[in-house]
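In each ligand, atom 1 is the first atom listed, and ligand 1 is the first ligand listed.
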Amino acid sequence: MKSSDVIIIGAGIIGLSLAIELRKKGVSVLIVERDEPGREASHAAAGMLADAGDEFPAPLVPLAHASARMYPEFVHEIEDESGGKVDLREHGTIVLSCHGEFPEGAEPVSTQRLKSLEPSIEASSLLLTAGENRAPSEICAGYLHERSVDPRELVAAALKAARHRQVDISSGAEVKSLLVEGGRTIGVQTDKAKYTAQTVVNCAGAWAGVIPPFEVPVKPVKGQMLAVVEAPRLQHVIRSEKVYLVPRGDGRLVIGSTLEDVGYNKQTDVNTLQRLFEAAVELVPGIAKSRRHEAWAGLRPGTPDELPILGATAISGYFIAAGHYRDGILLAPVTAALMSDAVTGKNPSFDLSPFSATRF
Ligand code: GLY
């Protein structure tokens, strides 16, 4: 029977980032992963590091800002320890809205400036879509200083960094239940083996809700996406009401996404993908001539109030860091910092009570 100080359930970006943070504090860590490390939501994500205030339930705003600020350092550390390169882009985001609704903090962008920022965007089609007769100098977009990251590169590098820091990883082992004795955690039972630890942290993403005996209302929210190549080279992330476009450094353009309550189903659907593609072409007509490279779907870990679950539970030694819904990539650095404090008995630098597992 393997024993470690802390068992983390789930080798997505949340589990891996927390494991690295705990290793820095000298804690021994075993990650137990039901499938392959880093191949679920972290692999499917778009990677927009969007921390604009009105996109989030209020209690999450300070954490989102803090995590966005932590990102450059977070990525540099992972690059250093993995020897890998992670595409962290600094070009910012352009938000397009037919109705002139932009997130708080967005700098107004006129149609003329938009043309110089992103020449391939068809701003006039936006104004026509809105059925409005506006002059070309009028405001039709907002600019946000947001970064984006390639989540696949990030999670692959985080996995290498975790291994470099002697995090033990058991893949293909699904946790069937938490082991509890006298009201305290003593480890986990997988379909293959028992692992012991005084502390267990559930970072199982969309699967976090179904680990007895402490179940929480986390459910999968499917998102379908596609990537095209040979599209106009956008510099910025582009977001509209219908679609978002996320350029990668290697020339891929990611187009997303749907929000579907269909259980653990990761199938893609040609009609849905076609609708996303058409919405992208409406914004950037040059995408019509691009080549489809890949389509996929991922499962976001949703909660009833769209807040993550962070912190201790009613079972001594059992913690949860899950339910990050659409923001797991953004929130990984702050989650790792806060949860490593919580797990090692330090006071986290933010009040975790709004995120408590006992709120349901
Ligand atoms: N964070 C992007 C999405 O959830 O679609």
Side-chain angles (χ1 to χ4, degrees), residues 12-14 17 38-57 60-61 63-65 67-68 71 74-75 86-89 92-97 103 144 146-155 205-208 218-228 234 236-248 252-269 272-273 275-277 279-280 283 294-308 322-335:
I13 194 62
I14 300 292
S17 312
R39 298 293 295 192
E40 292 292 352
S42 308
H43 191 76
M48 293 176 286
L49 303 178
D51 67 328
D54 48 358
E55 311 263 298
F56 294 100
L60 203 49
V61 173
L63 269 67
H65 288 328
S67 213
Y71 238 88
F74 174 68
V75 166
V86 177
D87 184 19
L88 179 68
R89 293 170 63 87
T93 294
I94 295 173
V95 182
L96 301 167
S97 164
L144 290 161
E146 286 175 356
R147 299 184 177 91
S148 65
V149 71
D150 183 334
R152 293 183 186 179
E153 287 184 1
L154 178 69
V155 77
W207 288 263
V218 176
K219 70 166 185 188
V221 181
K222 174 170 151 181
Q224 297 188 48
M225 321 261 283
L226 68 153
V228 296
L234 298 174
H236 306 81
V237 169
I238 315 291
R239 299 209 306 256
S240 79
E241 279 106 349
K242 287 193 209 160
V243 72
Y244 55 71
L245 312 177
V246 187
R248 303 275 191 243
R252 279 174 301 147
L253 180 67
V254 172
I255 302 173
S257 179
T258 58
L259 292 171
E260 299 171 63
D261 181 2
V262 290
Y264 292 95
N265 161 351
K266 290 196 291 177
Q267 278 178 338
T268 55
D269 163 65
T272 307
L273 294 170
R275 273 198 300 278
L276 283 171
F277 184 75
L283 297 184
E294 191 188 351
W296 67 96
L299 301 176
R300 307 174 184 89
T303 62
D305 54 9
E306 297 185 3
L307 287 175
H324 292 75
Y325 189 38
R326 307 188 74 171
D327 303 299
I329 300 293
L330 168 69
L331 295 170
V334 80
T335 301

Ring pair (Phe, Tyr, Trp, His ring centres under 6.0 Å) filter on Phe74, not counting sequence neighbours, yields Tyr71
- Heavy atoms, side chains only, cut-off 4.5 Å: are Tyr244 and Met225 in contact? yes
When Val75, Asp150, Leu154 are each screened for side chain to side chain contact (heavy atoms under 4.5 Å, CB included) with Asp87, the one that passes is Asp150
For ligand 1, protein residues within the heavy-atom limit of under 4.0 Å are Met48, Tyr244, Ser257, Arg300, Arg326
By side-chain hydrogen bond (donor to acceptor under 3.5 Å, both in side chains), Thr335 pairs with (sequence neighbours left out) His324
Result for side chain to side chain contact (heavy atoms under 4.5 Å, CB included) between Leu253 and one of Leu226, Ile238, Leu245 points to Leu245
Applying side-chain contact (heavy atoms from CB on, under 4.5 Å) to Ala44 and not counting sequence neighbours gives Trp296
